[in-house]
Amino acid sequence: MKASKSSMWSSAAGCILAAAISALGVSPSMATDTNALNSLQLHGFLSQAYIVTDHNNFYGSSSDGNGSWDYTELGFNASLRPTKNLLIAAQALSRRAGKDDDGSPTLDYGIIDWQMLSTADQTFGIQLGRFKNPLGFYNQTRDVAFTRPSILLPQSIYFDRTRSVAMSGDGVSLYHEARLDNGGLLHSQFGVGRSQAGDDAESSLGLDGLPGSLEGDLSVIGQVRYEHDGGRIVLAVSAASVHEKYESPGDFPGDGEFTFQPLVLSAQYNAERWSLTGEYALRRVETSGFNAFDDISQTGESWYVQYTRRFLDDWQWLVRYDTLVHNRNDPNGHKYEAAGLGPAYSQYADDLTFGVQWTPHPNVMLSGEYHHVDGTGWLSLQDNPDASQTEQIWNMWLMQLSLRF
Amino acid sequence: MAWQSSLLAQMWKQYTSGLSERGGPNLLRRAALQGLFVAGLAYLATCLGSTPAVAQVNSRQDILVIAHPGVTSRRLDRDTLRALFAMRQRTWPDGNAAQVFVLPNDSPTHAAFAKEWLSVYPHQLQLAWDRMVFSGTGQAPHRVRTQRQMVAAVSSTPGAIGYINREYLDESVQVINVE
């Protein structure tokens, strides 16, 4: 189902990319032929986690006493600079994450990036194709363990229920980078494109198992990031308005629309040995038009504070407090429970995390972490189909081996 | 470390005792607990954040920025140098494509170059490269293992830029003035 929805766009993007690469590769008149091939870079990553929970399932049957191995990330990318101003890059991703993701390969991104202006003070460029959405600090590389401070990103903002929706867009993205007089860097990006629609969004909306399907629609995303003093202080504002359409073959549940509008404020302080990071997000979710249910409009709130400390050259530990509520008007979920919709604790989650990372070789990383969670607000609905079987307070232990080249 | 661990233990106790009372509509207490916890974290951050001074193996004068002899830009400002090594800027000021060469992350020369010349830490550079490489927004720099390889690579690659300790300098590369 998921494959059929995204395949049209992945094949379209793939064709554009293949055509561009072959055009650049076979044209004998291009003086930059050898440079183009010399510029080819191949990179990849692989990570495998082992997850144990005392209650509730996270990425597979983690609570059955044997733990779960159902969290695997495998990626492979190629990039090419056919001319000095052009960059062509694509990445294939296979991700297994419990019942949310079955590992079928997808085109993670595939872009042609034309940097049309590059001076001492500023850079301006345009990206065509499937681009990763710059939402918060981590969304663009959320599946690459080496770019994450912990095995799991703070789930309040980077949870899987809206993963496909927030992931990427098929369209056009413009970026501008200005180097300011005070030595700061101002990076702006604005993209318009068709969003992805995956089973995770359908499931979150309670549409899985119904006859219709969710299709990506025209969406916009923007981010402004300021880096002070070589990145000692980084501040960012990201906002998106993601639209999806539900097409129903009959009157039930009827055609409808789904809108996801996140606003994320991000701040980070980097010292030589430690970093302090915080992000705050408002997530507005709306559904409208369905015959089968009333229109829904609610705003969720998420934030986390995270301290990471590097020690002994190749070690890092982390402590993080991460919290989410699905509806600011019902932060403890009492109204939700009173309405008979499910347990109150499914409407929030407070997660206290301790983690450690060891990088014995630049291309090898071992990590472990512990989560103490109150609430099931970001628990996968597909791994925990029966809310009455979930527990409010639960613990999770994870270990992960990550490789890259 | 003893007082720090006892502080942590105290915070943990506060935190978990708060959870058990969470059944009731005790919003204020929840907010207070969260606030206390975050304040505690921030306090720990400042305590543990102070690092002992490390003896500098390389000072800024010992490290030179070098380029392929064909490069016509003889000088660079610090921001452009940083943009080139962060892989954000893909061309020299003269418009030609730049080829960036770096030493391994654990090389003292690399660490000193990043800190003294670019005012960034090696871990920040690595993260910036990873984010570009795995989001399709840029490429990784070329890696060389030793300073001899650095000189050989920079002297034989048009548009190349790199850095070495002064003692490795020879006439096959040109030195770039950084303002």
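To find a chain, count down the sequence lines: A is the first, B the second, and so on, and within it residues start at 1. Model, not experiment: these values are computed from the prediction.
- B:D79 and A:L180 make their closest contact through OD2-O, 4.3 Å (heavy atoms, listed as atom of the first residue, atom of the second, distance).
- With respect to chain B, the highest number of heavy-atom pairs below 4.5 Å among A:K132, A:Q140, A:R179, A:Q127 belongs to A:R179.
- Counting non-hydrogen atoms of neighbouring residues, nucleotides and ligands closer than 6.0 angstrom, the CG atom of A:N182 exceeds 12 such neighbours.
- For A:N270, the parts sitting under 4.5 Å from any heavy atom of chain B are the backbone and the side chain alike.
- Contact of B:N105 with chain A is not made at all, since no heavy-atom distance falls under 4.5 Å.
- Put simply, CZ on A:F146 and CZ on B:R131 are 14.5 Å apart, with the number rounded to the nearest 0.5 Å.
- Remark: side-chain polar atoms of A:E272 are not paired, donor with acceptor, to backbone N or O of B:Y121 under 3.5 angstrom.
- Heavy-atom distances place no part of A:L93 under 4.5 Å from chain B, backbone and side chain included.
- Chain A is approached within less than 4.5 Å, heavy atom to heavy atom, by B:R82, B:A83, B:R88, B:Q89, B:R90, B:T91, B:G95 from residues 82-95 of chain B, ordered by number.
- For A:Y175, the part lying under 4.5 angstrom from a heavy atom of chain B is the side chain only.
- Using a 4.5 Å cut-off between heavy atoms, A:F131 does not touch chain B at all.
- For a residue to count as touching a neighbouring chain, one of its non-hydrogen atoms must lie under 4.5 Å from one of that chain's; by this rule A:T119 touches chain B with the backbone only.
- Listed in order of number, the residues of residues 133-141 of chain B that approach chain A to under 4.5 Å between heavy atoms are B:V133, B:F134, B:S135, B:G136, B:T137, B:G138, B:Q139, B:A140.
- Annotation: salt bridge (charged side-chain N to carboxylate O under 4.0 Å, His left out) contacts involving residues 145-160 of chain B, sequence neighbours excluded, are absent.
- The parts of A:Q41 that come within reach of chain B are both its backbone and its side chain, each placing non-hydrogen atoms under 4.5 angstrom from that chain.
- In this structure, chain B has a heavy atom under 4.5 Å from the side chain of A:R404, while its backbone stays farther away.
- Taking the side chain as every heavy atom from C-beta outward, B:L127 and A:T147 approach each other to under 4.5 Å.
- Pairs engaging residues 136-158 of chain B under the ring-ring contact (aromatic ring centres under 6.0 Å, His included) rule: B:F101-B:H142 [sequence neighbours left out].
- For the pair B:A97 and A:R81, the tightest heavy-atom approach, listed with the atom from each and the gap, is CB-NH2, 3.5 Å.
- With a 4.5 Å cut-off on non-hydrogen atoms, A:N85 touches chain B through its backbone and its side chain both.
- Rounded to the nearest 0.5 angstrom, A:T359 OG1 and B:Q126 CD are separated by 9.5 Å.
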